[in-house]
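For the numbers below, each heavy atom of this structure counts, side chains included, while hydrogens, waters and symmetry mates do not. Every chain is numbered from 1, with letters handed out A, B, ... down the list of sequences.
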Number of protein chains: 2
Amino acid sequence: MARKHTIGDIAKLAGVSKATVSRVLNNKPDVDPATRARILQIMQEVGFVPSITASGLAGGRNRLLGVLIPSFNWFYVADIMRGVSETIGHTPYELLVYSINDMARDNDKGDILDHIFSTKLPAGLLAILPGRSAQYVERLHIHGFPVVMIDDAAHHTAMPWINVDNVQGARQAVKHLIALGHRRIGHILGKKDYLCTLERYQGYCQELEASGIAVDQTLVSQGDFEYLGGVEPARQLLSLPVEQRPTAIFAANDLTAYAVIDVANSFGLRVPEDIALVGFDDIASSLLVRPALTTVKQPFAEIGKHGVELLLSLLDDSAQPSFIFPSAETSRQPLQQVEAHSVQIVLSTRLVVRSSCGAKPLHHHMKDSFP
Amino acid sequence: MARKHTIGDIAKLAGVSKATVSRVLNNKPDVDPATRARILQIMQEVGFVPSITASGLAGGRNRLLGVLIPSFNWFYVADIMRGVSETIGHTPYELLVYSINDMARDNDKGDILDHIFSTKLPAGLLAILPGRSAQYVERLHIHGFPVVMIDDAAHHTAMPWINVDNVQGARQAVKHLIALGHRRIGHILGKKDYLCTLERYQGYCQELEASGIAVDQTLVSQGDFEYLGGVEPARQLLSLPVEQRPTAIFAANDLTAYAVIDVANSFGLRVPEDIALVGFDDIASSLLVRPALTTVKQPFAEIGKHGVELLLSLLDDSAQPSFIFPSAETSRQPLQQVEAHSVQIVLSTRLVVRSSCGAKPLHHHMKDSFP
DNA sequence: CTGTTAGCGCGTTCAT
DNA sequence: ATGAACGCGCTAACAG
């Protein structure tokens, strides 16, 4: 393991001043190519690693990226974090995680955001916030702190922002059910006041109407994105007289769909034979429940990736990342798929067909189809 | 939101030197109680937040705790991280996450540990490593970097280390099955070369023998902790002639148990009616599969919590010049559930009875038992 | 008990 | 194109 070297050491070895070493470190233009090469060479050899701490102090900006998550236990958070951490791995930044539920200080989300703002430890923040908590994050944005939101309720703001197209996603789900011959398609709504709840409902309505099917409010029931919150609305829909009962249900998310499966079974109904089912999210467990869930896949890892890229594009225009870890020569990919001026990104979803909808899957997934 | 203040500002406001402010900041004993109170008061008022960056540079030790995880996508990692983040929330430390699979640099675990060691960004590292990768972490430990391992294969080392009692856990599972009247109890082993695989198998054997049941090797089959890797051994066990076929199976972990459920169903067998099933881990999805899985619960959050506490105790110790100043006042209170000298902690497991074992659950879990 | 003096490792002026 | 010098905010010796 390499000993700890400072730019002073490198400077001596290279026979230049510390300032020059600092210049190549920060990729400044005005350095003689020859000496730059020599310095880089030496840094390689001795395994020089600049002090994030010191450069942070001196430069005023740390090479740390903050990510605020609602909880480590939410299934989809893990997928987003995978994308986040993978993307950060391609940069000289490190990953700092703030979790809301788990904070010692009161659960007030404003508090933790205050903390982040006042410490200014991370150079920027990627905030995954459900519901209408965007306002807290917006405060940071207003104060000039680089922030990217991953949320459904942030449309009203001008903050850099990233999300999926919930309307299209819902339409994909309903379209598929219609294509399978269903006409009475029920919907269990997500949590009230969430924008994505509304959007998915809108997509549901749009697709029905596009097929000439009138939206029947008796087939729409209020859920809350949780398993338990899905039980009652599922009961409600499945309790309808057979001729009114939906033959298919589009649940606002996967957890809600799980509740439908269980309620259906408890009613002596089978999924998908008696009731076709499509969820939304494609969290990891949807591959494990039986029947495996057909669902609208949110590209969580992509969301995380684009979120980080967008955030990075906000940070530096001048000092492009410096010098990467010695072994990562090829890993420098252009982080600029994100347009410099597009501060809002909408990713698209994809329908993943498994067993719960009753369609014959085109591509059998390994786990799904092993028997 | 509070403006940014430095200790210099506080010093002026309090009419003392920066050194004194620094002293109260670091809870040094020799400060006049009155001035200490006054300074704290002022810090409160102006909302002073010390710069982690600067104190890290000056003191040589950052208020950052590193956690190395194999992946954000492993179910149990999320639970451990919940405990970790919750515990860190009670301290002035921040959480720095390193993920292995997702690193841009080659997947070599040694590389990322080198990186951590050479940057020395975090004050210490909590490493969740599967298998025998402990050696990489051990290098850090040898070089004096504070490290705590969460792993099954680290018994051979003297590193601070934390884990669950796999033998007892396995015995709990098997004991329960025996109590339900089962005599032919099969076992699907975990991944080869993992210590916890061996330990769980040993527990399985011990409990059988304690009940006067001979271990039958035809009832033991090799898995690998993965769902897919559980399919074949499950097939093997369930293909046995009825009179030899196990009436119950103890799977080395939950994912393997899921495979047993699916294979059983594909054989026209029902869980738990035809085959009782107990898993190990109690990952979140075990509440969602059907039948809900009876399993040996690993206290993942506790593991994370104790891991952090142990790590912090290592840090504090090294920072204490206690030999020189045998002060009478020990105002250092928290985090000392962990004995100063116990560098290895073994937590115990708990059997969570749900549907898959065929026993009538004593306590119906909400989700589990809603119908 | 408290103030003074040095740095920690690096970025960023100024000069040259 | 490069060096010298200063300072980021704080901790850690030293004195008193």
Aromatic plane relationship, A/Phe72 with B/Phe72 - under 30° parallel, 30 to 60° tilted, over 60° perpendicular: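 Answer is parallel, since the angle falls under 30°.
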Taking the side chain as every heavy atom from C-beta outward, state whether [X] and [Y] have any atom pair closer than 4.5 Å.
| X | Y | answer |
| --- | --- | --- |
| A/Arg36 | A/Asn27 | yes |
| A/Leu113 | A/Leu125 | yes |
| A/Pro122 | A/Asn62 | no |

Length of the line joining [X]:[atom1] and [N]:[atom2], which is rounded to integer Å:
| X | N | atom1 | atom2 | result |
| --- | --- | --- | --- | --- |
| B/Asn62 | C/dG9 | CG | C1' | 12 Å |
| A/His5 | C/dC8 | NE2 | P | 16 Å |
| B/Leu121 | C/dC8 | CG | C1' | 15 Å |
| A/Asn27 | C/dC10 | CG | P | 17 Å |
| A/Arg23 | D/dA1 | CZ | P | 10 Å |
| B/Ile10 | D/dG9 | CD1 | P | 13 Å |
| A/Lys120 | D/dC8 | NZ | C1' | 15 Å |
| A/Leu25 | C/dT12 | CG | P | 11 Å |

OG1 on A/Thr6 to CZ on A/Phe48, rounded to 0.5 Å: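 A/Phe48 CZ to A/Thr6 OG1: 7.0 Å, rounded to 0.5 Å.
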DNA chain D: stems of at least 3 consecutive Watson-Crick or G-U pairs whose donor-acceptor distances fall under 3.5 Å: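 In DNA chain D, stems of three or more pairs: C:1-4 with D:13-16, C:6-16 with D:1-11.
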What nucleotide, of [options], holds the atom closest to the side chain of [X]?
| X | options | result |
| --- | --- | --- |
| B/Ala19 | C/dC10, C/dG3, C/dT12 | C/dG3 |
| B/Lys18 | D/dC10, C/dG11, D/dA1 | D/dC10 |
| B/Leu57 | D/dG9, C/dC1, C/dC10 | D/dG9 |
| A/Ala58 | D/dG9, C/dT2, D/dG7 | D/dG7 |
| B/Ser17 | C/dG9, D/dT2, C/dT4 | C/dT4 |
| A/Thr20 | D/dC10, D/dG3, C/dT2 | D/dG3 |
| A/Ala54 | C/dG11, C/dG9, D/dG3 | C/dG9 |
| A/Ser55 | C/dC10, D/dG9, C/dG3 | C/dC10 |

Sugar-phosphate, base or nothing in reach of B/Thr35, heavy atoms under 4.0 Å: sugar-phosphate
Sugar-phosphate only, base, or nothing, as touched by B/Val21 at under 4.0 Å among non-hydrogen atoms: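 Since no nucleic acid heavy atom lies under 4.0 Å of B/Val21, the category is nothing.
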Check whether any side-chain nitrogen or oxygen of [X] sits under 4.0 Å from OP1 or OP2 of [N], and answer yes or no.
| X | N | result |
| --- | --- | --- |
| A/Ser51 | C/dC8 | no |
| B/Lys28 | D/dA12 | yes |
| A/Ser22 | C/dG11 | yes |

C/dG11 base / A/Arg61 side chain donor-acceptor hit below 3.5 Å: no
Stepwise side chain to side chain donor-acceptor pair (under 3.5 Å) check, B/His90 with B/Glu309: CA-CA 10 Å; B/His90 294 294; B/Glu309 290 177 349; over 6 Å; no
Given DNA chain C, 5'-ward residue of the pair A/Gly59 and B/Asp30, judged by closest heavy atom: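 It is B/Asp30, whose closest nucleotide lies nearer the 5' terminus.
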A/His143 side chain to A/Glu138 side chain, donor-acceptor N/O pair below 3.5 angstrom: no
